[in-house]
Every structure is written in C-alpha cells, then in structure tokens.
2 protein chains.
Amino acid sequence: MAKAGPDKSTTKGGSYHHGALREALVDKALEILASDGVDNISLRSVAKAVGVSHTSTYRHFANKDGLLTAVATAGFLDLAAEIEEAYGTAATLQEQRLETAVAYCRFACANPNLYKLMFSSFLKDKDGEEALNNAMNETFRRCEQLGRQDAEARGAGAEQQGLAGVAAWVVVHGAASLAIEGILEKAASGNVERDRLIRRVLQSLYEI
Amino acid sequence: MAKAGPDKSTTKGGSYHHGALREALVDKALEILASDGVDNISLRSVAKAVGVSHTSTYRHFANKDGLLTAVATAGFLDLAAEIEEAYGTAATLQEQRLETAVAYCRFACANPNLYKLMFSSFLKDKDGEEALNNAMNETFRRCEQLGRQDAEARGAGAEQQGLAGVAAWVVVHGAASLAIEGILEKAASGNVERDRLIRRVLQSLYEI
DNA sequence: CACACAATGTTACCATTGGCAACATTGAAA
DNA sequence: TTTCAATGTTGCCAATGGTAACATTGTGTG
C-alpha cells in the first residue's frame, strides 16, 4: 500500500537519512494496526519497527494523531479505489448501488482495525486536515451519488434526492460496522458466509 | 445516572472506606467522558475526581478496560430505557419504528462520546462480559423486533424477517454515527435542525 | 466482647508512552 | 567549499496503567 518512493533505506547500510520515512512510517503503522490493533500502536513501536528513533516521527507529523490521521487518509484512498473498481464493473444502477456497498463492507471486514480508525478520525481535526477531508469526500461521493440517482429514478424531488444520498452513507456505514462486529452472522439463521450475508442484508434494505 | 447506592462518602468526613466506590467511579467516568472526551479519561483522573487513589479502582475493575466496559454497559441500559419509552408512546408499527430510531439517534447525539465508547467496546471482550452483552441485547431487541414485524406485515418470509431485523440495526447505528459527526447537516440543503433532519433521513429509508 | 480475616483503600515503585529540547548528520544551494 | 535547512538522535520529563506490599475497617465467630 502506498509504496511509491525510492526507499533509500536499502541503498546504503547505515544511512543517517532514511529518504522516505514518512511513507515508511505510515506503511508500518498500517501493518501494526492490522496485526496488533489500534490500542497497540505507539509512536515508539512504529518507529522501532521502521528502525528509527521515535522522535524522528515529529519531523513528519505534528504528533501521534497526525500519524494516525495519515494512516486513516491512506485507508480512505484505498477504500475509494475499491469502490470505484466495483462501480466500474457493474452495469445497471441497481447493480452499481449494491456492488459498491458490498465492496465497502468487504473492505471494512478485511481491515477492521483500519476501518475503525478511519471512522474514529472523522471528527478529530474535522476542519483542519485537508488531505483527510479530500480522501473522505472521494470515498463517499460515489455512494451518495448512487443514492441520489436511485431516488431520482424513482421520481423523487431534489430534497428527497439529497436525503437518499445521505441514506446511502447510513446504510453502508451501518452495515460495515455491524459486519465487522460479527453481528450479521449472529443474527443469521444458518451457516451463511459473511459476504453472501452482507449482500442479502443490503438487498433487503434496497429493495423494500 | 445509576445513582442507587447509599453513597456513604457523605456520611462521614474522611471515612477510609467509600462504600459505593464502584458506582461513584462509573458515574464520574461518565461525567469526564461527556465533558473531556474518551482520550482524556484515565484511571487516575477518574479516581482523583472521586477523591480516591487510582489503584483503588483495581478492587472493583480488573483494569481500565473493565471500568470502560462498565461505563459502556451503563450507557446501553440508559439507551435501552429511552428506546422503550419511545416505543411506549407510539401507536402504530410504523410510528414505533420511526420513534424508536429517532430516540436512538437522539441519545447518540446527546452523548456522542459515550455512544462511541459503547460501540467501540462491542468487540473487546465480546464473549467475556456478561453484563455488557445483556445490556446490548436489551438495547437492540426492540429495534430488531420492529424490523422483523415490519417485514412480516409486508408478507415477507422467515428469512427475510431475520434480515429485516438486522437491517434495523444497520439503519439506526448508521444514522446515529453520521448524525454524531454532523454529516447529516453537511449534506442537507437548508438550515434544518438536526432532530428534524434525522427524522427525514429515517423516513426516506423506511418508506422507499 | 475479643479476635481473626476478608474486603477495601493507600503508598511506594516500575515500564511504557507522548512529547520537548538540544545536539548530530547530511544533502544541496550559494 | 561553505553554509544552512532538513532530517535524525540522544537525553530528559510528566502522565499513565499496572503490580506489590502495607494500612484500615467492617464483620462474623469463638
């Protein structure tokens, strides 16, 4: 994820300057987040895993929240990409709505700790972090648009379309959150795989 | 909230034994959580506010998570009570569905930090904490039931009813989460008060 | 009533963590 | 070549969660 820089850490054995430390920190933080959970992420653990002193992080992030915000931003960009891919492979509006929502939930289930971090970072620096806001908008724009279009196709007015756009957020976030917690399985009767279960719940919401 | 014990702290000036420390700690934690946010809750700050050494908390909770779990449990019980009240004052099934959902969102908006803590405690000791599980079930039972009943009224089969029950969770949690973050307002056109906005979004979800 | 004891609370004490300040190293511009 | 801004390091500090040993108190039992 987000591997773009030259990664000079491999060019020379003990080079004092890392070269792409910021990205390396974000990547390692993503790893640690996925494996050890959000409670076990510390500036020191991330820095140590990268092989750098923990205070070097302050050359790239204002504080720990800054690092976590960058991690969340990377997550939103990844999620947005997966949504767009699902959108691209669907044909009809109904399919697009369902498949983007499924992709959203699939991402959340595949990266539960990251997803929770992403959503918990929502309001922290709400108006302060430009990159985070952009990534968020990028992520939800498609969901909202599909919700609006669906309302429009049903002949709803402008206000109803706006509400339907928000409702699309509501559905995907709610479904993803419950899916992560394993509540869908708990509520299901038989042994249904999660992916299929998510589809059914979403369909039940979209078709009624 | 949860004020039931004798509160012996007022009976004698400097009594060594508090008498109802556990409840006092939970209550103070609720206060601090509401005013200072979840990041500013520490065992020490809570204990200090109660006027007790921070290690005394370990006589009543296994660790910090134990205290937070108790706080979350208290939150779920409060929420369940408000849902039941809303349920009691509604007449038709549709009204019950809407009003319980509105009550749910109103609680989340009135106690945003608590609500986030409640939901973040979901999976921590999922199978370990009996009280938390009971409070959770108490909270969501009504929502799920109303979702099922609505599906039944529409002539859906047993499986569809189960999915509709889960879908009810999805909707209320999603709506509450976005309402807390102020996303509903952001997506709305005019200057609509939040309570009214939540109603409309929920109606748009329930009626389509 | 005396006394043992379990329950509850307190005082050291420790490792970890986020963060600051001062210093070290390096690449690049002048 | 020299200078300097960028980047990374060590030393340090306060706050925090947690453990261990000790202090206090209510309570049941002889």
Side-chain angles (χ1 to χ4, degrees), chain A residues 5-29 32-33 36-72 117 120-121 124-125 128, chain B residues 5-29 32-33 35-72 117 120-121 124-125:
Chain A
D7 190 8
K8 294 184 186 173
S9 68
T10 59
T11 58
K12 239 184 177 181
S15 68
Y16 194 88
H17 282 131
H18 185 283
L21 183 52
R22 190 192 148 97
E23 291 174 11
L25 289 171
V26 172
D27 286 349
K28 268 293 180 228
I32 296 178
L33 177 64
D36 298 359
V38 66
D39 290 332
N40 289 46
I41 278 202
S42 66
L43 284 183
R44 290 171 126 99
S45 67
V46 175
K48 188 176 181 181
V50 172
V52 101
S53 77
H54 82 281
T55 49
S56 65
T57 58
Y58 291 95
R59 301 294 175 193
H60 300 275
F61 307 99
N63 49 30
K64 185 183 181 183
D65 265 353
L67 170 59
L68 294 185
T69 299
V71 171
L117 173 69
S120 80
S121 295
K124 285 205 168 172
D125 318 74
Chain B
D7 191 5
K8 295 183 185 173
S9 68
T10 58
T11 58
K12 239 184 177 179
S15 67
Y16 194 88
H17 282 134
H18 184 283
L21 184 52
R22 190 193 148 97
E23 292 173 10
L25 289 171
V26 172
D27 285 349
K28 268 294 178 227
I32 296 178
L33 177 64
S35 58
D36 298 359
V38 67
D39 290 333
N40 289 45
I41 278 201
S42 66
L43 284 182
R44 291 172 124 98
S45 67
V46 175
K48 188 176 181 181
V50 171
V52 100
S53 76
H54 81 282
T55 49
S56 65
T57 58
Y58 292 94
R59 301 294 174 193
H60 301 275
F61 306 99
N63 48 31
K64 186 183 180 182
D65 266 353
L67 170 59
L68 294 185
T69 299
V71 171
L117 172 70
S120 80
S121 296
K124 284 206 170 174
D125 319 73

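In what follows, chains are A, B, ... by sequence order, proteins preceding strands, each numbered from 1.
Checked against side chain to side chain contact (heavy atoms under 4.5 Å, CB included), B:Ala49 has the following partners two or more places apart in sequence or in another chain: B:Lys28, B:Ile32. For B:Lys64, there are no salt bridge (charged side-chain N to carboxylate O under 4.0 Å, His left out) partners at least two apart in sequence or on another chain. Under the rule for a side chain to side chain contact (heavy atoms under 4.5 Å, CB included), B:Arg59 has no partner lying at least two apart in sequence or in another chain. For A:His54, the side-chain hydrogen bond (donor to acceptor under 3.5 Å, both in side chains) criterion is met by A:Arg44, not counting sequence neighbours. B:Ser42 is linked by a side-chain hydrogen bond (donor to acceptor under 3.5 Å, both in side chains) to B:Ser45, counting only residues two or more places apart in sequence or in another chain.
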Provide a list of protein-nucleic acid N or O atom pairs under 3.5 angstrom, restricted to nucleotides 13-15 of chain D.
none

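As a whole-Å value, the separation of B:Asp39 CG from C:dG18 P is 12 Å. Distance, B:Lys64 NZ to D:dG17 P: 4 Å, rounded to whole Å. Note: CG (A:Leu43) to P (C:dC20) measures 11 Å, nearest angstrom. One can place CG of A:Leu25 at 13 Å from P of C:dG18, the figure rounded to the nearest angstrom. In this entry the distance linking CG of A:Leu67 with C1' of C:dT17 reads 14 Å, nearest Å. Across the protein-nucleic acid pair, A:Ile41 atom CD1 and C:dT16 atom P stand 18 Å apart, rounded to whole Å.
Nearest heavy-atom pair, B:Ala47 versus B:Thr57, reported as atom, atom and distance to 0.1 Å: CB-CG2, 4.3 Å.
Taking CG from B:Leu21 and NE2 from B:His60, the interatomic distance works out to 4.0 Å, rounded to the nearest 0.5 Å. One distance of note links CZ of A:Phe61 with CG of A:Leu43; it measures 9.5 Å at 0.5 Å rounding.
Within residues 54-63 of chain A, the residues approaching DNA chain D are A:Thr55, A:Ser56, A:Arg59, A:His60, by heavy-atom distance under 4.0 Å.
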